[in-house]
Every structure is written in structure tokens, then in C-alpha cells.
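First up is the structure itself, then whatever we jot down about it.
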2 protein chains.
Amino acid sequence: MPKKSAPGTRKRGTPRIDADRLAAWRAFLELHHRVTVALSEELESEADLPLPWYDVLVQLEEAPDGRRRMQDLADGVLFSPSGLTRLVDRMERAGLVTRTPYPGDRRGAYAVLTDAGRARLKATAGVHLRGVREHFADRLDDADAATLGRILTSMLEPGSGPPS
Amino acid sequence: MPKKSAPGTRKRGTPRIDADRLAAWRAFLELHHRVTVALSEELESEADLPLPWYDVLVQLEEAPDGRRRMQDLADGVLFSPSGLTRLVDRMERAGLVTRTPYPGDRRGAYAVLTDAGRARLKATAGVHLRGVREHFADRLDDADAATLGRILTSMLEPGSGPPS
DNA sequence: CTACAATAATTGTTGCTGCAACTACTGGAG
DNA sequence: CTCCAGTAGTTGCAGCAACAATTATTGTAG
């Protein structure tokens, strides 16, 4: 087995990615696609709820008083501000959330979970959680779950990566 | 520390996901979002090429004769058939690919990489690969890269998960 | 107090995406 | 040979997303 590039000695600026990392990258993309498509389909067909709606419900459920600033919520569900405005519009029409003013800054608004929204979340959480387990969590043994969590979390840290 | 559920003895059907797996799941989503957004923005701003276009170019470049059936290509770039039709339409208008008939089955069509397409890929691959390294690959040390690849790949296998 | 840059949210516009329906073609059953 | 279910690809349609511009509000500098 000829060594292609000794670990840690790859020339700076060379746009090459070794086999391990490329395999990890491709598997990462493939897995994400498969899981999110499956979760989305299952939630929609079995609970008649679009996945982004579910994400909003969860974010609000977890927040104190079941309410969150539009902006924060956009960050939480990985949406653009405009996208969130429309999403909340639809959910408000469906009675799952309400907008209430943010005290102390009349520009701001809270999205607030309604009782109907809370009930809807309760009714659909099972479907989603089963999906997450089936397509993701249960495919990990305990050791791998811990390891995967550690690695992915470390990759999210700002300082992650080589000193450059 | 009270044990919530001894590993491997969680009751069947309980829709609960332990902390490690939940953390891994959330980090997985967050990382995917960050990386894909960053890659997409960089490729678009620095190379003026939408990420899906790049994916098509790569798939074709890697295929024998730089050609691939529409259907296969759709699978490769994780697109629906109709989405791929439109995508190839646009790329064909831009001169990066052509359609040629599939010999032996007049329903079928190849998408074929043009010289311009090959050149465009060559010109833009650096930007993309740098991004993949910066936002993903270089955040892994060698051991973690191998481990991550192993775990993610195993999760893609059909038989993955509990015997159930 | 007034002007004005910055911020929160929304709206106008445009483009992309998928589902379902459709066309064209294939290959096997009768 | 003819029929017809199945397949490859495309198109009609509708929904969803982001970007840029807009509105309303804030707080800071002069």
C-alpha cells in the first residue's frame, strides 16, 4: 500500500481530500438526504404535518411560556426571516400559533404556541420520534452514538480545524 | 446520577431517544445546514455556479464517457426525475451538457458532459474542494475521519439497526 | 429635539422543486 | 400480430424558499 500523503504533511493549499474524509463526506450527504426525506414523508402521510411545522412546534414547546421571538425562531428552525414569516402565517391560519407583541420593542413579535398547537405536537411527536429512531438513532450502538455525538459536536465549534 | 434507561433495555415502542443520540442527531442537522449553506454561497459567489450544477458536473465527470442516463443521474445528485429534467435543461442552455439518445431504447437519454462543462468543472472544483475541506474535512483529525466514515457508512447499510 | 444609521419583521418578486398527469416507447402474454 | 402493463422522460401545476426592497421602530450622535 503506497502512502499517498503522510498524515499531517499534506502540502498546504493542495485541494485534495483523502479517501477517508471523502467517504465520510459522501456518506454524510447521503444519510442526511435519506433520513430527512423519510422523516418528511412519514410525518406528512401519517400525521398530515409538514416537517418545518413540526420543527416550529418543537422550538416553541421547548421555549419558556411556549413563545419565541421571530428572529430566534428563524435561527432555531434554520429558516430565513422571510421564510419564517410565511411559515408562521400558515401556521397561524391553521390555529397552531399566534403572534403577540414583544413588550418593550414594538418592532418585535413573539410567535406563541396555542393550545391547539401544543395538542398537535403531542399527537404527532410519536410519529416523528419513531422515524428519528428508526432512520438514525437506532442505527447506532451506544458506543457509536457517543462517539458520533462527540465528533459532530466538535466539528461545530468555531475553533475547529487546523491552526491554518 | 439516576440511570434513566439501562443501555439495551429500553422498552420496546417507547418513543424516547437518549441524550447522546439526540445530541448526535441535532449536531448532524446543524452541521449539514451550516456546511451546505456555506458551500453553496461560496460556490455561487466565487465561481458563479449553483451547487446542484456542480454536482451534475461531478457525476458526469466520474462516469465513463462523461455520460449518464437521466435516471441514474437523478439518483446520483439526489434529485427527483422532474427536477433533473429542469436542471439539465438549464445546464444545456448554458452549454455545459448535452442530451444524446440512448442506443437501444428510444425512451432513454444520456446527459453528456460537453468540453465547456468539463472546463467549467475544472475551473470551479478548487473552490468547492476548498470549502469541503474548510467546513468539513479539515475539522476532523485522521482518527476521527476514519471513525466518522465507518459510522456513517454503516448507518447507510440496509440491515443497520436493531434486529427488531 | 432632530437626524439618521441600525434593527425586526414583512412583502414583492423570482426561481426552484416535487407531485401528478401525460407522451412515447418497450417487451411480454395471449 | 395485438394488446397492455410497465418504464423513461417531460410538462402542468402549485407550493415553498430566499433575496432585495419596504415599513415601522429604536437609540444614538450632534
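What you see is a predicted model, and the numbers here were worked out from it, not measured in a lab. Note on naming: letters A, B, ... go to the chains in the order of the sequence lines (proteins, then strands), and numbering restarts at 1 for each one.
Sorted by residue number, the list of members of residues 25-47 of chain B with any non-hydrogen atom under 4.0 Å from DNA chain D is empty. Of all the residues in residues 96-111 of chain A, A:D105, A:R106, A:R107 reach under 4.0 Å from DNA chain D with at least one non-hydrogen atom. Shown for residues 60-83 of chain A: residues whose heavy atoms fall under 4.0 angstrom of DNA chain D, namely A:F79, A:S80, A:S82, A:G83.
Residues passing the side-chain hydrogen bond (donor to acceptor under 3.5 Å, both in side chains) test with B:E41, sequence neighbours excluded: none. For A:E44, there are no salt bridge (charged side-chain N to carboxylate O under 4.0 Å, His left out) partners two or more places apart in sequence or in a different chain. Residues that satisfy the side-chain hydrogen bond (donor to acceptor under 3.5 Å, both in side chains) test with A:R69, not counting sequence neighbours, are absent from this structure. Qualifying side-chain hydrogen bond (donor to acceptor under 3.5 Å, both in side chains) partners for B:D105, counting only residues two or more places apart in sequence or in other chains: B:R107.
Rounding to whole angstrom units, CZ of residue A:R90 and P of C:dT10 are separated by 13 Å. Nucleotide C:dG18 holds its C1' atom 13 Å from the CG atom of B:L84, rounded to whole Å.
Taking CG of A:L113 as the reference point, atom CD of A:E61 lies at 6.5 Å (rounded to 0.5 Å). The line from CG of B:D65 to CG of B:L60 is 11.5 Å long, rounded to the nearest 0.5 Å. Between the CG atom of A:L49 and the CG atom of A:L96 there is a distance of 7.5 Å, given to the nearest 0.5 Å.
Side chain of A:S154 to backbone of A:I151: a donor-acceptor contact under 3.5 angstrom is found.
Ion pairing between a basic and an acidic side chain is recognised when a charged N comes within 4.0 Å of a carboxylate O; A:R21 and B:D138 show no such pairing.
Nucleotides of DNA chain D with any atom under 4.0 Å from a heavy atom of chain B span, from 5' to 3', D:dG6 to D:dC13.
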Would you tabulate the side-chain donor-acceptor contacts of residues 22-31 of chain A under 3.5 Å, counting partners in other chains and residues two or more places apart, or write 'none'?
residue	atom	partner	partner atom	Å
A:R26	NH2	B:E62	OE2	3.0
A:E30	OE2	A:R34	NE	3.1
A:E30	OE2	A:R34	NH2	3.4

Just distance, no hydrogens or angles: give the donor-acceptor pairs under 3.5 Å from side chains in residues 116-128 of chain A, sequence neighbours left out.
residue	atom	partner	partner atom	Å
A:R120	NH2	A:D48	O	2.9
A:T124	OG1	A:R120	O	2.8
A:T124	OG1	A:L121	O	3.3

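Contacts classified as side-chain hydrogen bond (donor to acceptor under 3.5 Å, both in side chains) and involving residues 77-92 of chain A (residues at least two apart or in different chains) are given here: A:S80-A:S82, A:D89-A:R99, A:E92-A:R99. Among residues at least two apart or in separate chains, ring-ring contact (aromatic ring centres under 6.0 Å, His included) pairs with a member in residues 72-126 of chain A are A:Y102-A:Y110.
You'll find a donor-acceptor pair under 3.5 Å spanning the side chain of B:R86 and the base of C:dG18, going by distance alone.
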